[in-house]
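Some notes on the structure that comes next.
Side chains included, hydrogens not; waters and symmetry mates left out as well; all remaining heavy atoms used. It should be emphasised that the depicted structure is a prediction, and the values quoted were computed from it without experimental measurement. Per chain, numbering begins at 1; letters A, B, ... match sequence-line order.
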Number of protein chains: 2
Amino acid sequence: MTSPFVQKLRHGACLTEEDALLLDQLARPVHVAQAHHDILMEGDPPHTLTLILEGWACRYKQLDDGRRQIIALFLPGDLCEPYGILPHFMDHSLGAITAIRYARIRPDEMRALARANARIEEALWWDMLLQSAMQHEQTVSFGRRLAAERLAHFICELRLRLALVGLADETGFELPLIQSQLADAMGLTAVHINRTLMELRAAGLIELQRKQLTIRDPEALRNLAVFDPVYFHLDQRKDCNG
Amino acid sequence: MTSPFVQKLRHGACLTEEDALLLDQLARPVHVAQAHHDILMEGDPPHTLTLILEGWACRYKQLDDGRRQIIALFLPGDLCEPYGILPHFMDHSLGAITAIRYARIRPDEMRALARANARIEEALWWDMLLQSAMQHEQTVSFGRRLAAERLAHFICELRLRLALVGLADETGFELPLIQSQLADAMGLTAVHINRTLMELRAAGLIELQRKQLTIRDPEALRNLAVFDPVYFHLDQRKDCNG
DNA sequence: CGGCTAGTTGACCAGCTTCAAGTATTGTGG
DNA sequence: CCACAATACTTGAAGCTGGTCAACTAGCCG
């Protein structure tokens with residue numbers, strides 16, 4: 001049973017069993033947080049990196065007048081910061097969406113491990129490349145895609161991310177977000193998210209009930225989103241033999 | 001005369017004269033590109049990192065139907081990718097806005113230099129932290145800020161970035177973007193950028209003529225943007241003495 | 001069962017886009 | 001250095017996407 005962290009990183013580089021062990025040893029001890037609780041708040045000194053082991057979390061910022069923007073979602077296996085540096089003070093908050101288990105990792109240990117192990121270093125850089133590429137897609141979504149396209153793209157991306165850690169298949173995945181959280185994540189309002197979900201349902205693209213998202217027509221959904229997974233850079237890994 | 005790259009990095013770590021020399025030696029030979037020309041196009045294999053030495057460039061994506069989104073602007077001293085890895089194929093394009101001078105750097109050389117020199121490594125990680133933080137602010141802008149707030153924030157951020165490399169002072173800076181480029185950078189249309197600029201001018205916040213942007217009322221502009229530069233992490237550097 | 005939270009829907013409104021026309025500015029060849 | 005073309009900017013009118021407000025319905029949990 002490999003951890004989601006290792007499972008994800010194996011899409012970016014060839015990791016041996018020993019590499020996997022080294023990574024998992026870093027990810028201890030395990031902490032927990034309840035749903036809706038903050039792991040780190042804006043202004044806090046972080047002290048460590050945060051690695052999500054189980055459950056969903058998010059990076060968000062809150063404006064003075066209450067407007068809230070979820071900047072990124074973090075899924076099992078996700079490292080919430082670039083691994084090599086910690087800010088002295090957080091410029092955003094890190095919140096648990098569901099109940100989560102997470103590990104706190106010191107960046108100097110992470111750096112030491114990467115320095116000692118080229119495969120692990122490669123995998124971590126690939127992870128940063130992916131993180132960064134998803135950020136870029138988000139800018140495109142927010143800047144140029146209509147609500148339905150944006151939502152469709154979001155679903156396609158989430159499905160692929162979850163598939164990389166064995167939490168989604170072709171037919172769908174568990175989506176623990178309520179509509180107001182979806183709204184904060186997509187730069188829309190809850191009411192409009194509702195209408196847009198209804199639209200996708202009416203078009204026969206998806207179903208969503210009791211937190212279970214089912215993709216009824218994957219091709220039509222991808223077409224609407226114009227979703228092209230090249231930005232996941234899954235071709236980055238050389239063949240893993242020997 | 002220190003290069004903008006070194007000048008910027010010195011805000012993130014204490015670099016000696018020797019460090020500066022090492023960095024500048026990496027940034028050779030120098031290439032040029034004309035305004036409006038692409039340095040790299042989506043799908044290209046990049047071979048090297050790109051470091052902007054002079055002029056403005058941008059990362060952008062083009063959708064099938066012609067919609068275009070500028071994802072990031074690159075100013076003198078900016079590295080256009082995370083320094084440790086190259087994708088096999090570009091998932092976006094890199095275009096020159098003005099005529100530019102740039103250097104092509106091999107990531108393995110960059111990594112070797114960072115590995116050999118802790119100060120340089122620290123500076124490069126700080127640069128990534130800043131790059132990433134700006135991306136986050138952009139998500140907040142696109143998701144939750146009105147056009148005038150978004151534009152005001154954009155101007156405040158640009159002014160500070162340019163100030164870090166000596167290309168802006170309190171009163172303003174040269175802004176080589178035409179309004180349709182501004183629009184592509186901010187997720188709006190050229191017409192609305194025009195109206196919003198007019199609005200900021202009418203409110204006495206800025207002037208903009210012949211590519212020269214003058215900030216008439218810095219405090220009012222910051223207030224409108226709710227611009228807080230903590231996300232630049234300028235406190236990250238320890239005191240540079242001895 | 002009752003109270004709370006989440007989801008749904010309608011009516012109306014605001015911000016931004018689109019389309020179109022006109023004005024200013026810039027660049028270029030004679 | 002001017003004339004003229006091309007590009008950039010400005011403005012108005014109308015329309016669309018998404019926001020706001022408000023009410024109602026459906027789950028969920030003690």
Side-chain angles (χ1 to χ4, degrees), chain A residues 34-36 56 63 65-70 97-99 140-154 174-203 206-214 224-225, chain B residues 34-37 56 63 65-70 97-99 140-154 174-203 206-214 224:
Chain A
Q34 295 186 309
H36 313 300
W56 289 38
L63 302 189
D65 60 354
R67 284 178 286 184
R68 191 174 101 111
Q69 180 63 50
I70 292 179
I97 290 175
T98 66
V140 175
S141 271
F142 282 34
R144 293 294 182 233
R145 289 199 253 256
L146 299 175
E149 300 170 329
R150 203 186 293 186
L151 185 52
H153 195 279
F154 176 83
E174 196 196 326
L175 178 69
L177 303 182
I178 65 173
Q179 294 186 358
S180 65
Q181 290 170 328
L182 270 174
D184 286 345
M186 318 218 3
L188 297 165
T189 58
V191 171
H192 201 65
I193 283 288
N194 184 286
R195 292 194 220 274
T196 309
L197 278 172
M198 287 304 192
E199 190 187 326
L200 296 189
R201 285 193 262 237
I206 62 164
E207 265 173 45
L208 176 56
Q209 47 188 323
R210 277 188 262 98
K211 311 273 166 246
Q212 188 63 36
L213 189 128
T214 309
L224 174 59
Chain B
Q34 295 184 310
H36 313 302
H37 280 229
W56 290 39
L63 302 188
D65 60 353
R67 284 178 286 184
R68 190 174 103 112
Q69 180 63 49
I70 291 179
I97 290 176
T98 65
V140 175
S141 270
F142 282 33
R144 292 296 181 232
R145 288 198 255 256
L146 300 176
E149 300 170 328
R150 203 184 293 184
L151 186 52
H153 195 279
F154 176 83
E174 195 197 326
L175 178 69
L177 303 182
I178 64 173
Q179 294 186 357
S180 64
Q181 290 170 327
L182 270 174
D184 285 346
M186 320 220 1
L188 297 166
T189 58
V191 171
H192 201 64
I193 283 287
N194 183 284
R195 291 192 222 276
T196 309
L197 278 171
M198 287 306 194
E199 189 186 326
L200 296 189
R201 285 194 262 236
I206 62 164
E207 264 173 48
L208 176 55
Q209 47 190 323
R210 277 189 263 98
K211 310 274 166 245
Q212 188 62 35
L213 189 130
T214 309
L224 174 59

Is the phosphate of C:dT8 approached by A:Arg201 (side-chain N or O, under 4.0 Å from OP1 or OP2)? yes
Give one of base, sugar-phosphate or nothing for B:Ala147, where a contact means two heavy atoms less than 4.0 Å apart. sugar-phosphate
Nearest to the side chain of B:Lys211 - D:dG19, C:dT18, D:dC9? D:dC9
Output yes when at least one side-chain N/O atom of A:Asn194 is less than 4.0 Å from OP1 or OP2 of C:dG7, else no. no
Closest to side chain of A:Val191, choosing from C:dT9, C:dG7, D:dT11: C:dT9
Starting at CZ of B:Arg144 and ending at C1' of C:dA14, how long is that distance when rounded to a whole Å? 16 Å
Would you kindly compare B:Ser180 and A:His192 by the position of their nearest DNA chain D nucleotide and give the one closer to the 5′ end? B:Ser180
Does B:Gln179 place a side-chain N or O at less than 4.0 Å from the phosphate oxygens OP1/OP2 of D:dT7? no
Take the protein atom CG of A:Leu197 and the nucleotide atom C1' of C:dA6, then report the distance between them rounded to whole Å. 13 Å
Using a heavy-atom cut-off of under 4.0 Å over every strand shown, decide if B:Arg150 touches base, sugar-phosphate, or nothing. nothing
So that I can tick it off, tell me whether A:Glu149 and B:Arg67 are bridged by a salt bridge, with the cut-off set at under 4.0 angstrom between side-chain N and carboxylate O. yes
Distance, rounded to the nearest Å, where B:Gln209 contributes CD and C:dT23 contributes P: 21 Å
Checking all strands, does A:Arg67 fall into the base, sugar-phosphate, or nothing category for heavy-atom contacts under 4.0 angstrom? nothing
Please work out if B:Arg195 contacts a base, only the sugar-phosphate, or nothing of the nucleic acid, heavy-atom cut-off 4.0 Å. base
What is the separation between atom CD on B:Glu199 and atom P on D:dT10, rounded to the nearest whole Å? 14 Å
What does B:Leu146 touch in the nucleic acid at a heavy-atom separation under 4.0 angstrom: a base, only the sugar-phosphate, or nothing? sugar-phosphate
